[in-house]
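Structure record follows, encoded as structure tokens.
Heavy atoms only: backbone and side chains are in, while hydrogens, waters and symmetry mates are out.
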Amino acid sequence: MADDGFGWWPGCDVVELAVAAGVPRITFVTPGTAFAGAIPPESRVQLLERLSGTCELEILPLCTATGIGPEGVTVAHRISGGTTTVPADGVVVVGERRPRSALDCAAPLVLTVGDAVVPRLVAHAIAVGREAAVRIATGNCRAARAA
């Protein structure tokens, strides 16, 4: 699941990376009105062609992820104000440049990287992101909780 605030490339990249990793079902939560709504139209056509037939992609527009718990992600509809819980095995939050402390309260593991920690150089974010990926890939993420 990815929460994208802008409809730009970072949210699209998360979906493409999940597809490349073999994730069969992706729920994309966005406060915007569409998936990939801000990328150029010619790029959007190519993106959708690349994604076609690769996975089950559910788009939840006009929604925001407000919490992560054992049952999944709490999603609030921006118009009605109603909430629902969407089951999730993994959560990737993409979007605004601010810490998401409200989302990490009940999650078994939270790895915060990039500008979500503090504005800094790209090299720092890459190093921390690589460290997080290694921890996940080696299964070494249950013993510690990073935020």
Side-chain angles (χ1 to χ4, degrees), residues 1-100 102-117 121-142 146-147:
M1 171 173 282
D3 177 17
D4 172 47
F6 303 107
W8 193 239
W9 285 111
C12 300
D13 291 344
V14 168
V15 171
E16 284 199 280
L17 287 170
V19 166
V23 175
R25 177 172 167 69
I26 301 166
T27 303
F28 189 88
V29 178
T30 179
T33 58
F35 170 68
I39 66 173
E42 62 275 10
S43 297
R44 189 176 321 114
V45 169
Q46 293 175 358
L47 170 67
L48 295 177
E49 285 177 6
R50 288 194 304 272
L51 294 176
S52 180
T54 59
C55 71
E56 184 180 338
L57 176 60
E58 179 182 10
I59 311 296
L60 299 180
L62 300 173
C63 292
T64 303
T66 58
I68 301 171
E71 292 81 37
V73 178
T74 303
V75 175
H77 192 277
R78 295 178 59 94
I79 305 298
S80 72
T83 62
T84 188
T85 300
V86 178
D89 294 329
V91 180
V92 176
V93 179
V94 180
E96 301 174 52
R97 291 181 159 204
R98 63 179 175 83
R100 302 285 183 133
L103 293 177
D104 65 16
C105 57
L109 172 72
V110 175
L111 300 170
T112 305
V113 300
D115 282 349
V117 177
L121 299 175
V122 170
H124 298 134
I126 291 169
V128 175
R130 183 183 186 290
E131 178 185 338
V134 168
R135 287 180 61 195
I136 292 168
T138 61
N140 189 19
C141 50
R142 293 284 178 220

Exercise. Considering all heavy atoms of both residues, which atom of C55 and which atom of V23 are nearest to each other, and what is their separation?
Worked result: CB-O, 3.6 Å

Exercise. According to the salt bridge (charged side-chain N to carboxylate O under 4.0 Å, His left out) rule, which pairs have a member within residues 8-22, sequence neighbours left out?
Worked result: E16-R50

For this session: Report the residues that fulfil side-chain contact (heavy atoms from CB on, under 4.5 Å) with V92, sequence neighbours left out, ordered by chain and then residue number.
Result: V14, V94

Exercise. Tell me, which pairs form a side-chain hydrogen bond (donor to acceptor under 3.5 Å, both in side chains) where one or both residues lie in residues 38-49, sequence neighbours left out?
Worked result: none

Seminar exercise, completed: Sequence neighbours excluded, the answer for salt bridge (charged side-chain N to carboxylate O under 4.0 Å, His left out) partners of E71 is none

For this session: Using salt bridge (charged side-chain N to carboxylate O under 4.0 Å, His left out) as the criterion, list what pairs up with E58, not counting sequence neighbours.
Result: R25

Would you mind writing out the side-chain donor-acceptor pairs for residues 26-41 within the sub-3.5 Å range, not counting sequence neighbours?
from, atom 1, to, atom 2, distance (Å)
T30, OG1, D4, O, 3.1
T30, OG1, G32, N, 3.1

